[in-house]
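As structure tokens, the structure follows; a few thoughts come after it.
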Amino acid sequence: MPVECNPFAFLSRHLEVLKGKNLYRHLRTVESAQDSWVTLEGRKVLNLCSNNYLGMASHPDVKEAAVQGTREWGCGTGASRLICGNFSFHRVLERRLAAFKGTEAALLYSSGYTANLGVISALAGSEDCIFSDELNHASIIDGCRLSQARVLVFPHNDLEALEDKLRRASRSGRARWKLIVVDGVFSMDGDIAPLPELVNLAAKYESFLMVDEAHATGVLGPGGRGVVALFGLEKVVPVGISTLSKSLGSLGGFVTGSQELVEFLINTSRSFIFTTALPAGVVASALAALDLLEADPSLPLKVQENARYLRDGLNRLGYNTLNSQTQIIPAVIGDTALTLQMSHLLLNEGVLAAAIRPPTVSKGTCRIRTAVMATHTRQDLDFALGAFEEAGRRLAII
Ligand SMILES: *Cc1c(COP(=O)(O)O)cnc(C)c1O
């Protein structure tokens, strides 16, 4: 006789295990627009965990563009790009994104997540080797898995370890192509990849570099053009990945590079080919956000200035913010239960900041991850620091 008759019993068992380890996750509901302050389950709280870095998601011009785009073109696109869903507005946005990033061409995807899946799995196969930073975003990790390439994970930003792996792979001569892939800005630590050194290593070991700009677009580099532009490497990094969903306040992902790369992806990249094209409202809002960003180069600087202010304040209170150099600022707490308590106390003080636990970060490095926006005022940031002081004292961790 089977001991267990319910084939789904493992679901509840799994959930109980997660709860026991303080790793259970649940969805919280926001009841207002994505902004620097939001209503969360009936309470107005300071939003310190949004990727809407420039406030574009609720900017009046961006909203109006979405309405206009929808009015003119309708809601859905009805087909994938290769069937009959390739509209003139897609081409307009792709040309604008390529010009913005200083590359020959760009190609839209449904999201940054599916861009990484589709680009990595199209560029690498079972004969190839991918060198991946251990802190790369989950979508890069999943793209690597899908590609079936040999994946060599190197310690975070460790150029020596990477070179050692590149040297061995070159010597063995087994890999057809060698692809180095990194986040430009790491999404949980807020530090920056050493791109000039990575470009040199890529050249030395005849490999090519792919940089994910999700958190860099709109924030770093001249005019917010990203981290590749920050180092002036637009003509040297052959593959860039980014998103419309963060600084550009919309939805969708995109890849930038040569015209040939784009043509190759149109012909081979499954997450591009087998999905419906982005709708007009989404594309129009991204275009409007790009217009606003190009018209006001002070926006990215405002994010950086706010980041500096919050980071300095947290450091002064005694929090460890790792090597954060950007608008993503972790405050490392360590223990899982303590980190959860910290986020609850912060919420009591009126501050919404995410508790980040394994598997998103490694065990023992649990943290409150904060992210600042251009639209946060000095008063907002002082309010946040007050909450961190109060909560930290209560837990006796500062
Ligand atoms: C957010 C993010 C993505 C995914 O982008 P979406 O458009 O939200 O799917 C990819 N890579 C990195 C580094 C990210 O932070």
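Atoms within each ligand, like the ligands themselves, are counted from 1 in listed order. All of these numbers come straight from a predicted model, not from anything done at the bench.
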Under 30°, 30 to 60°, or over 60°: which ring-plane class applies to Phe383 and Trp37, parallel, tilted or perpendicular?
tilted
Which value, rounded to the nearest 0.5 Å, describes the distance between Leu287 atom CG and Arg95 atom CZ?
10.5 Å
Can you tell me if Ser285 and Ser250 form a side-chain donor-acceptor pair at under 3.5 Å?
yes
Will you find, in the side chains of Asn116 and Asp212, an N or O donor that is under 3.5 Å from an N or O acceptor?
yes
Can you pull the residues with any heavy atom under 4.0 Å from ligand 1?
Ser111, Gly112, Tyr113, Asn116, His137, Ser139, Asp183, Ser187, Asp212, Ala214, His215, Thr243, Ser245, Lys246, Gly252
Keeping to residues at least two apart or across chains, list the side chain to side chain donor-acceptor pair (under 3.5 Å) pairs with something in residues 323-335.
Arg311-Ser324
Does a donor on one side chain sit under 3.5 Å from an acceptor on the other, for Gln34 and Asn47?
yes
